[in-house]
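Basis for what follows: all heavy atoms, side chains included, without hydrogens, waters or symmetry-related copies. All values derive from a computational prediction rather than experimental measurement.
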Amino acid sequence: MGEYALYRGNRIKIGSDTDLHSLRFDDRFKVIALPNNIDPVNDAHDCTFRLPLPQEDSEPIGDYPGQGHVLLYTKTAAGYHEHYSPDSLEPSGIVQATTKHGLLINIACHHGTKLPQAGGDIAKVFWNGRAPHIALTALRCRRAEHTPSNLTLTPIIMCLACRTRWYMTWDELLLYVHGDLKQRLLPYAQNDRLPVTSDLTTIDS
């Protein structure tokens with residue numbers, strides 16, 4: 001279900017249900033909630049918000065291109081990028097392969113940590129141009145009575161192949177983001193002191 005608000009007198013889409021993928025957390029006061037739509041101010045603690053990407057600063061609210069994902073990486077001493085790839089991520093997801101003749105195959109997705117097992121009629125499984133699987137995708141807002149705003153933000157990462165999502169701790173995430181985006185995220189990290197049961201806690205879809 002789409003969620004809409006008023007921005008500069010215009011009706012804009014800010015998200016779907018509690019996923020406010022077209023509204024940044026700091027911009028929630030710039031829009032006016034419409035009747036029968038989610039209120040991004042009063043209902044913020046139930047919502048996820050778009051990342052504050054510096055390259056999107058010139059885009060109007062509600063008109064951002066794409067989903068705004070950020071690949072996570074570190075730089076080696078030689079200057080090469082090493083993308084975030086944990087030893088394991090659970091639970092596994094499902095991706096679907098297809099042929100132009102209509103054959104569909106559901107395959108277990110291990111989010112880039114390992115290949116699914118071949119067997120039976122599936123003769124072989126292999127990488128062909130392996131690409132990064134995991135990206136920072138949104139910020140989850142929750143209640144936090146100990147903070148001045150009574151709200152805290154927690155990062156969400158996602159497998160780009162099967163769309164499974166997890167919470168991630170700020171301490172781990174900040175190793176893999178850089179530049180202006182990292183500077184924007186640091187205040188959120190300093191404000192987030194709610195416990196997360198593990199570094200990667202699955203978010204129910």
*Would you check if the side chain of Asp19 reaches a backbone N or O of Gly15 as a donor-acceptor pair within less than 3.5 Å?*
no
*asked:* Measuring from atom CZ of Arg28 to atom CZ of Phe49, what distance do you get when rounded to the nearest 0.5 angstrom?
replied: 6.0 Å
*With rounding to the nearest 0.5 Å, note down the distance linking CG in Asp43 to CD1 in Ile38.*
5.0 Å
*Which heavy atom of Phe25 sits nearest a heavy atom of Cys141, and at what distance?*
CE1-SG, 3.8 Å
*Identify the heavy atoms of Trp166 and Met158 that sit nearest to each other, and give their distance.*
CZ3-C, 4.2 Å
*asked:* Would the distance check show the side chain of His111 and the main-chain N or O of Pro91 forming a donor-acceptor pair, the cut-off being under 3.5 Å?
replied: yes
*asked:* Distance alone, cut at 3.5 Å: any donor-acceptor contact between the side chains of Arg142 and Thr154?
replied: yes
*Search all heavy atoms of Val177 against all heavy atoms of Lys182 and return the closest pair with its distance.*
O-CD, 3.3 Å
*Going from CE on Met168 to CG on Leu72, what distance comes out if it is rounded to the nearest 0.5 angstrom?*
6.0 Å
_If I take atom CD1 from residue Ile61 and atom CG from residue Leu20, how far apart are they, to the nearest 0.5 angstrom?_
11.5 Å
*Say you draw a straight line from CD1 of Ile134 to OG of Ser85; how long is it, rounded to the nearest 0.5 Å?*
7.5 Å
_Side-chain donor-acceptor pair present, Thr18, Asp46, cut-off under 3.5 Å_ = no
*For Asp180, look at atom CG and say whether over 12 heavy atoms of other residues, nucleotides or ligands are found less than 6.0 Å away.*
no
*Which atom of Leu51 lies closest to which atom of Glu56, heavy atoms considered*: O-OE1, 4.5 Å
*Least distance between heavy atoms, Ala161 atom then Cys109 atom*: CB-SG, 3.9 Å
_Taking side-chain hydrogen bond (donor to acceptor under 3.5 Å, both in side chains) as the cut-off, I'd like each qualifying pair that reaches into residues 1-16, sequence neighbours left out, listed once._
none
*Could you state the interatomic distance from OH (Tyr188) to CG (Leu151), rounded to the nearest 0.5 Å?*
11.5 Å
*asked:* Please determine whether salt bridge (charged side-chain N to carboxylate O under 4.0 Å, His left out) holds for the pair Arg24 and Asp57, giving the CA-CA distance in whole Å, both sets of side-chain angles, and the decisive distance to 0.1 Å.
replied: CA-CA 11 Å; Arg24 299 178 180 187; Asp57 286 353; 3.0 Å; yes
*Do the side chain of Asp39 and the main chain of Asn42 share a donor and acceptor less than 3.5 angstrom apart?*
yes
_Neighbour count >12 (heavy atoms, 6.0 Å) for atom CD, Glu59_ = yes
*asked:* Same cluster or not: Leu173 versus Leu186, using hydrophobic residues (I, L, V, M, F, W, Y) connected whenever any side-chain heavy atoms lie under 4.5 Å apart?
replied: yes
*Work out which heavy atom in Thr113 is nearest to a heavy atom in Asp87; give both atom names and the distance.*
CB-O, 3.6 Å
*Strictly under 6.0 Å, is that where the ring centroids of Tyr176 and Tyr73 end up?*
no
*Answer yes if the side chains of His21 and Arg50 hold a donor-acceptor pair under 3.5 Å, and no otherwise.*
no
*Would you check if there is a donor-acceptor pair between the side chains of Ser92 and His110 at a distance under 3.5 Å?*
no
*Can any side-chain N or O of Asp171 pair as donor or acceptor with the backbone N or O of Thr169 at less than 3.5 Å?*
no
